[in-house]
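In listed order, ligands and their atoms are each counted from 1.
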Amino acid sequence: MRTSPHPTPEAAPAFNFGAGGWRCEEVPLADLAARYGTPLYCYSRARLLSNYRRLAKAFPAPARICYSVKANPNLSILRELAAAGAGFDVVSEGELWRVLRAGGAASRTVFAGVGKTRSALEAAIDAGLFMLNVESLGELGQILDLAGGVPSGHDALPVALRVNPDVDPGTHRYITTGKRENKFGLERDSFRTALDMLRGARGVHLAGIHAHIGSQVGTTTPYAEAVERLLALVAEAREAGFAPEWVNAGGGFALSYDGTEVPSPAAYAAAILPPLAEAGLKLVLEIGRAIAGDAGALVTRVLYVKEHADRTVWITDAGMNDLLRPSLYGAWHRIWPAHLPESSGAGEISALKPVDVAGPICESSDYFALGRPLPPVHAGDCLAVFDTGAYGMSMASQYNSHPRPAEVLVDGCEVRLIRRRETLEDLVRGEEV
Ligand SMILES: *Cc1c(COP(=O)(O)O)cnc(C)c1O
């Protein structure tokens, strides 16, 4: 039996080839497709939780792992992680609402986001967050305004100043967030102004300094650099009379989509934890992709096999509306027919032919793979698009009026429908004639 695509030591295998073809834990993907239809997102509960636990082990308390809700905000996913002890990282009022709805604790939730509305800030102050990450002077002004009105006796609102450390994480430019030209966080001068604004402010206290340098950061050096810059700012804050206890180093731990090696949680920890411990600071992390990414696969059916003069095109029932990453970032996802073992012998590889795997959407960027060597399939066969547990369903839309896919959570041989497939009626919900 072949195990998970890129087996990670200690991590539970999510997808394996066995009886019935590719399976999520014990359940064949073909069975899931037959029962729930396609396109379908399926997630391995064991993998989700073991990803979280590996991180929690590498970053033991007092460090806190906050799961980045935007990676996969399904209520059942949030509930599983809350039960495992995770905190949460939210970027909107809607995400905060989801966390509370799923039974997550506000006291373990951090709130980032460059454009928080007044209503979101009110909800955040009301909820009693672990920390509110401030991204601009304008936002800080609003917060001081709102928190100043909170009756005394209420605990002061813990805020973290999100700074732009100007570190190059060496990732795709669309998922780079901590370079000077990005829109996120406070620049150095604004940081000083923010300290001035916080001095003597009512209802608010400076609990930490925050930076998030980007996503899919495949080396540890950018974190070491970012932490060094954050420590300089902590020193500045301390000189100014503040006593921040926390450094929030953001998220971005990488997932190996194509089998290249990425740092283990322990390797990231070795770069981040020692300098913080030395400075007497506690760490917060906001991790999305590395928790949910390889726990999920998108199952899609081949509708048509088109033989063009120079290449073969498979048209699948899932498209960029269901999984945007390839179209948006040129992201590479491993794709394989759900009924075939992945070939390793040379004889079998010669049967592979370059294929474009494309969706049904009326856009030329609607593809999952171009010129990918794949074994022949027939119309009606299912494909698995692996490592789509993060930034898959959370970015799905109804573009071209396709109802969004169903989601299932697999636990051993058991399957739970955690989001029903949308219906045509769902397409017009809220519309009026
Ligand atoms: C998206 C985001 C994260 C999570 O990034 P991952 O790459 O999924 O770990 C963390 N912090 C902030 C502020 C974010 O916007």
Enquirer: Considering residues at least two apart in sequence or located in another chain, which fulfil the side-chain contact (heavy atoms from CB on, under 4.5 Å) criterion with E245?
Expert: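 If we apply the side-chain contact (heavy atoms from CB on, under 4.5 Å) test to E245, skipping adjacent residues, the hits are K282.
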Enquirer: So among Y257, Y367, Y391, which one has a ring pair (Phe, Tyr, Trp, His ring centres under 6.0 Å) with H333?
Expert: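 Of Y257, Y367, Y391, ring pair (Phe, Tyr, Trp, His ring centres under 6.0 Å) with H333 is met by Y257 alone.
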Enquirer: Could you tell me the residue and atom name of the protein heavy atom closest to atom 15 (O) of ligand 1, and the distance to it rounded to 0.1 Å?
Expert: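 Nearest neighbour among protein heavy atoms for atom 15 (O) of ligand 1, to 0.1 Å: K70 NZ, 2.7 Å.
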Enquirer: Does the side chain of S68 pick up a donor-acceptor pair with the side chain of E286 at under 3.5 Å?
Expert: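 No - no donor-acceptor pair under 3.5 Å links their side chains.
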Enquirer: Looking only at protein heavy atoms, identify the closest one to atom 7 (O) of ligand 1 and say how far it is in Å.
Expert: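 Of every protein heavy atom, S215 OG, 2.3 Å lies nearest to atom 7 (O) of ligand 1.
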Enquirer: Regarding atom 6 (P) of ligand 1: of the candidates A390, G252, A112, which has the closest heavy atom?
Expert: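 Heavy atom nearest to atom 6 (P) of ligand 1 belongs to G252.
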Enquirer: Give the atom numbers and elements of ligand 1 that come within less than 4.0 Å of a heavy atom of G288.
Expert: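 In order of numbering, the contacting atoms are 6 (P), 8 (O), 9 (O).
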Enquirer: Using 30° and 60° as the class limits, which term best fits the ring planes of F253 and F59: parallel, tilted or perpendicular?
Expert: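 Geometry flag for F59 against F253: tilted rings.
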Enquirer: Starting from atom 3 (C) of ligand 1, what is the nearest protein heavy atom, named by residue and atom, and what distance separates them?
Expert: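 I find the closest protein heavy atom is S68 OG, 3.2 Å.
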Enquirer: Would you mind running through ligand 1 and noting each atom that sits below 4.0 Å from a heavy atom of R162?
Expert: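 Once the distances to R162 are compared, the set is 13 (C).
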Enquirer: Tell me: protein heavy atom nearest atom 8 (O) of ligand 1, and distance?
Expert: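 Checked against all protein heavy atoms, atom 8 (O) of ligand 1 sits closest to Y391 OH, 2.5 Å.
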Enquirer: Using a 4.0 Å cut-off to any heavy atom of R289, which atoms of ligand 1 qualify?
Expert: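 The atoms of ligand 1 under 4.0 Å from a heavy atom of R289 are 6 (P), 8 (O), 9 (O).
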Enquirer: Does E286 approach ligand 1 within less than 4.0 angstrom via side chain, backbone, both or neither, non-hydrogen atoms only?
Expert: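 Near ligand 1, E286 shows its backbone as well as its side chain.
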Enquirer: Just wondering, more than 12 heavy atoms not from E187 lying within 6.0 Å of its CD?
Expert: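 No, because the 6.0 Å sphere around CD of E187 holds 12 heavy atoms or fewer from other groups.
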Enquirer: Number the atoms of ligand 1 from 1 as they appear, then name those within less than 4.0 Å of a heavy atom of I287, with their elements.
Expert: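 Every atom of ligand 1 under 4.0 Å from some heavy atom of I287: 9 (O).
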Enquirer: Under the 3.5 angstrom rule, does the side chain of W336 hit a backbone N or O of L340 as a donor-acceptor pair?
Expert: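 Judged by distance alone, yes, a pair lies under 3.5 Å.
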Enquirer: Give the atom numbers and elements of ligand 1 that come within less than 4.0 Å of a heavy atom of D89.
Expert: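 So the answer, numbered in order with elements, is 3 (C), 10 (C), 11 (N), 12 (C).
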Enquirer: Is there any salt bridge (Lys or Arg N to Asp or Glu O under 4.0 Å) pair reaching into residues 403-418, and which pairs are they, with sequence neighbours excluded?
Expert: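 Found R45-D411, E80-R416, R404-E422.
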Enquirer: Apply the ring pair (Phe, Tyr, Trp, His ring centres under 6.0 Å) test between F386 and each candidate in F17, F15, F368, Y43; give the one that qualifies.
Expert: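 Among F17, F15, F368, Y43, the one that satisfies the ring pair (Phe, Tyr, Trp, His ring centres under 6.0 Å) with F386 is F15.
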